[in-house]
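Structure first, commentary second.
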Amino acid sequence: AESPSDTTLLVDLIFQTLPLYDDRASRKAVDDMVIQALSESTFMKTFAATLVQSMEKNLKVTSPLACFKLLRWSCYLLKWTQFATLSKGGFSRLANAQAVLSQVLMNGSFRQRRTCKQLFIRLFSESVGMYKMYIEEVKDLRIATKDSPAFINLILDFTVTSSSLFSEYKPVFLDLYVKTILSSKDRPSEAASEAFKPLFVDIGHEDFKNVILPSCIKMLKRNPEIVLKSIGHLLLTVRLDLSNYAMEFMPVILPQARHSDEERRNNALNIVGTLSDKSSDPDTLPSMFNAIKAILGGSEGKLSLPYQRIGMLNALEQLSRFPPKQISRLAPSVSSFLLTCYKGDGIEEVKLATLSTLGSWASVSSEAVQPDVVSFITAGLKEKDTLRKGHLKLIRVICRKSDSLTKVTSLLDHLIQLSKTGFSKATQRLDGIYALYAVSRLAAIDAKADGSIVKEKLWTLIAQSEPSLISVQLLSKLTDEDCLTCVDLLQSLLVDHLFRIQEYFSIQSLLQVLIYLVCHPSWAVRKIAYDATKNILSSSGALAEDLLFLFTSWLSLVGERVLILKQSDMDSFGDSQLPFIPSTEVLVKCLFLIAPYAIDHSQRSYARLILCSHHPCISSSGSPAGVWKRLQKRLKQQNISFTDLIFPNITVICKELLSKDGLFSSNKQEQRAALCSLATLMSISPNDTFVEFEKHFIELPDRTLHDGFSENDIKIFFTSEGQLSTEQGVYVAEAVASKNTKLAKGRFRAYDGQDAEPAKSDKRESSSIGKRETGKFTKKTAPVDKSKTAKEEARELQLKEEASTREKVGHVQENLALMLDALGELAIA
């Protein structure tokens, strides 16, 4: 620039045009010009001042692209000039603005996050002095963790990559954590706690014990509601054995576990669970148990409110996360203590919490299922509805563990009766499902139990009461936990009792329920259902083909409902067959789950898999073969080359795709899927695919019918409904004369005068009837003669014949049009 005024104009132009361009060529041209001009002192000062002002103005509202440009120019300024050393105050303002703007990019897409990291890592790597200046800003709290946690995480990430830098500046970050997180006057955000994750992943016992632990205990005593969640995140992050610290945390955590605020209770319970999960010392578990037991016993005053007792029982439940060996040693004592708590408390909610805690311990160790527990459950099955359901949930947990099954065989008769009652009464159906699961598990390990089931005619009674065993309508009303029980029941029945189930129930309906559960809205249910389906299909591969065909129908049903929703502009709808709309990715994963087992079973499955992967419900219109390519990759990971299986089976696949289950399906979406599948086959094996298609086209019955149509048949097809092909112009049907209206005469008569006299008699009859009706109503009205003339009957007969011909020609036209569409797709492919 020749003068300061020219420099100012140039800098203003650079920043005014900042939002106007976003192409790479323009960005490069401007960047090159800025780098070159920064060597001029006048330009550098003006540019730096304007840059800092512009960054501060854009702190709250800015686009990611503008944010990226400003950050890159700021890095150019620091790299190519002495700005940082010449103006300490200016650097401090610039660093703070950089930290806030980096938060925008770090909250964006993966590419934006990667670009932001690369900018600063390159800057820090090229100048250690520059890195230390940023550390000073962080140390003196001029860069606020609250406003820019992403920048703290970014600079910490760079620090831990160098052992020398980490050892030098670790105390700085520990002090920063204590000041900004643990000693904060306001509750820190989750992002702020997450920012220090790289620090705590490699922290040692010395730093944790001397720096972190005292501050944690201090703040849990002073302001527990502020730091509970952050401390929970801290304990979850560290890779330390927490055995030595558990009993230091327990006295300050347990009061929060029985607090009136639910959020505080949950955060405290998470901490107890983490301490249990990360403690290996066998003496820690008894100590934690005794601390909870003492509080329940009244060591800190009577727990008069139910939520206080429930909080302590839930804390005891969290102890079940200790290693199984330690749980086994203490389990008998814990179960005995829990039975005492149950019997000594009169509040139903507390009793249910006790049963839940006992179930958690029993799920880890069979030692929790002592004879007194079995007797307790026997009595509990006779309780009222809610408590009986709680005991059934406990039995379900016990029966899921194989080594506990033998301990509860004495419950079989009670469970059989509950199953009968449950499936006989709709209001107790859920109890019946829980009881039947336990019965099926016991029958799987005990031949006598299976004999008792047959003797009691349990299968027959259930089949008569509920042929589908579990209805989709019922599933849609159940909680996630109840749905998990349904998953367990299906797995037990289809793995352990398949032949018995095939005898009494419809396998198709059970598999339909399984698909529903695999696509359930809850991730927890989907995960368990996914694993159960693997076990079922591994046990009986013959079910895979049936499951695949049902899944195709499920896709079509979902597609139809989605179309209805789009047309009606509704967010949701009540549907007994489909209570929810699964996401596309959930449907794709369901297909990937079934595919490996279906391929191993039958050749028909090849075509069905190709069809499903091209179904409009899961494939996008822009990339119809996208899911198909993903399916191939997934199968290849399991050493299955789908393409190699296609070549020798092209005849079977084409036959299936060109059948009533494919191209000629009544469902439009399945037709579209078949067209896309044929196009994909054409790209894999063009010659063989076209030969098979040509063979089907030539042998198509509709093609022969088409060639046999007469000219009159075609004329009939193009004639409108209700009109004869022999009639010229527009046909007006003969009107039935009104009782009090004279018929047209002369040349306006449609037919001969043979009906004139009957019309007069009708008029007289009508008049006489009217007179009789005005008197007494004891006599019935005389029927009106509605007989048709011979000409009318002949015409109606001819209309029916022509309608049949029209329908036949229309069917042929539709099928041939589909084949021609397929031919077009093949040609394009």
Side-chain angles (χ1 to χ4, degrees), residues 1-108 111-112 115-127 129-134 136-137 142-144 147-148 150-151 154-155:
E2 296 181 358
S3 66
S5 60
D6 292 337
T7 302
T8 304
L9 287 174
L10 177 60
V11 171
D12 288 344
L13 181 64
I14 290 172
F15 284 94
Q16 286 170 7
T17 57
L18 174 70
L20 301 181
Y21 60 91
D22 59 0
D23 60 292
R24 181 170 295 182
S26 299
R27 291 203 305 268
K28 186 178 184 305
V30 175
D31 288 351
D32 291 344
M33 186 272 292
V34 168
I35 292 171
Q36 187 176 0
L38 281 172
S39 59
E40 295 289 337
S41 175
T42 308
F43 178 85
M44 184 270 285
K45 292 178 181 178
T46 308
F47 181 81
T50 309
L51 176 64
V52 172
Q53 290 175 3
S54 180
M55 291 175 75
E56 289 176 342
K57 286 179 182 177
N58 286 277
L59 289 181
K60 292 185 178 179
V61 182
T62 186
S63 70
L65 182 60
C67 177
F68 169 66
K69 290 178 185 177
L70 291 171
L71 282 175
R72 187 159 60 177
W73 288 348
S74 67
C75 290
Y76 289 159
L77 178 66
L78 296 173
K79 179 180 179 182
W80 297 104
T81 71
Q82 298 299 314
F83 172 76
T85 55
L86 293 174
S87 176
K88 297 288 185 181
F91 172 75
S92 183
R93 287 175 61 190
L94 181 71
N96 185 57
Q98 282 180 323
V100 178
L101 288 182
S102 66
Q103 190 70 35
V104 176
L105 289 180
M106 295 301 287
N107 288 337
R111 295 183 68 181
Q112 291 173 0
T115 303
C116 184
K117 285 182 180 179
Q118 289 172 348
L119 274 177
F120 286 101
I121 287 173
R122 190 179 297 117
L123 181 66
F124 297 154
S125 302
E126 291 174 353
S127 174
M130 188 65 64
Y131 163 79
K132 291 183 178 180
M133 291 183 72
Y134 278 101
E136 288 300 317
E137 296 295 314
R142 287 191 288 271
I143 295 178
D147 298 327
S148 47
F151 185 81
L154 193 151
I155 196 170

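Reckoned from all heavy atoms, side chains included, excluding hydrogens, waters and symmetry mates.
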_Which residues pass the ring pair (Phe, Tyr, Trp, His ring centres under 6.0 Å) test with Phe91, not counting sequence neighbours?_
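Testing Phe91 for ring pair (Phe, Tyr, Trp, His ring centres under 6.0 Å), a comparison that skips the adjacent residues, returns Tyr134.
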*Mind jotting down which residue pairs meet the ring pair (Phe, Tyr, Trp, His ring centres under 6.0 Å) criterion with at least one end in residues 6-37? Sequence neighbours excluded, please.*
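Residue pairs with at least one partner in residues 6-37: Phe15-Phe47, Phe15-Trp73.
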Please examine the side chains of [Y] and [X], heavy atoms only from C-beta on, and report whether any two atoms are closer than 4.5 Å.
X: Phe83; Y: Leu38; answer: no
X: Leu77; Y: Leu94; answer: yes
X: Lys117; Y: Met106; answer: yes
X: Leu71; Y: Met55; answer: yes
X: Val100; Y: Phe151; answer: no
X: Met44; Y: Gln82; answer: no
X: Cys75; Y: Gln98; answer: yes
X: Pro64; Y: Phe68; answer: no

_Side chain Thr115, main chain Arg111, donor-acceptor under 3.5 Å_ =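 Pair found, side chain donor or acceptor close to backbone of Arg111.
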*Crowded around Glu126 CD? As in, over 12 foreign heavy atoms under 6.0 Å?*
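Above 12, so yes.
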Heavy-atom pair of closest approach, residues [X] and [Y]:
X: Glu136; Y: Arg142; result: O-NH2, 4.0 Å
X: Ile14; Y: Thr17; result: O-OG1, 3.2 Å
X: Glu137; Y: Ala95; result: CG-CB, 4.3 Å
X: Ser102; Y: Ala99; result: OG-O, 2.6 Å
X: Ala144; Y: Asn96; result: N-OD1, 4.4 Å

Can you tell me how far [atom2] of [Y] sits from [atom1] of [X], rounded to the nearest 0.5 angstrom?
X: Thr46; Y: Leu10; atom1: OG1; atom2: CG; answer: 9.5 Å
X: Lys79; Y: Ser74; atom1: NZ; atom2: OG; answer: 13.0 Å
X: Arg122; Y: Arg72; atom1: CZ; atom2: CZ; answer: 9.5 Å
X: Leu101; Y: Cys116; atom1: CG; atom2: SG; answer: 9.0 Å
X: Lys69; Y: Leu51; atom1: NZ; atom2: CG; answer: 13.5 Å
X: Leu13; Y: Thr8; atom1: CG; atom2: OG1; answer: 12.5 Å

*When you look at Thr7 and Glu40, which way does the side-chain contact (heavy atoms from CB on, under 4.5 Å) test go after all the steps?*
CA-CA 10 Å; Thr7 302; Glu40 295 289 337; over 6 Å; no
*Those residues that, when tested against Arg27, pass salt bridge (charged side-chain N to carboxylate O under 4.0 Å, His left out) (two or more places apart)*: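 Once residues adjacent in sequence are excluded, Arg27 has no partner under the salt bridge (charged side-chain N to carboxylate O under 4.0 Å, His left out) criterion.
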*Are Ile155 and Phe124 close enough, and set up right, to give a side-chain contact (heavy atoms from CB on, under 4.5 Å), and what steps lead you there?*
CA-CA 9 Å; Ile155 196 170; Phe124 297 154; 4.0 Å; yes
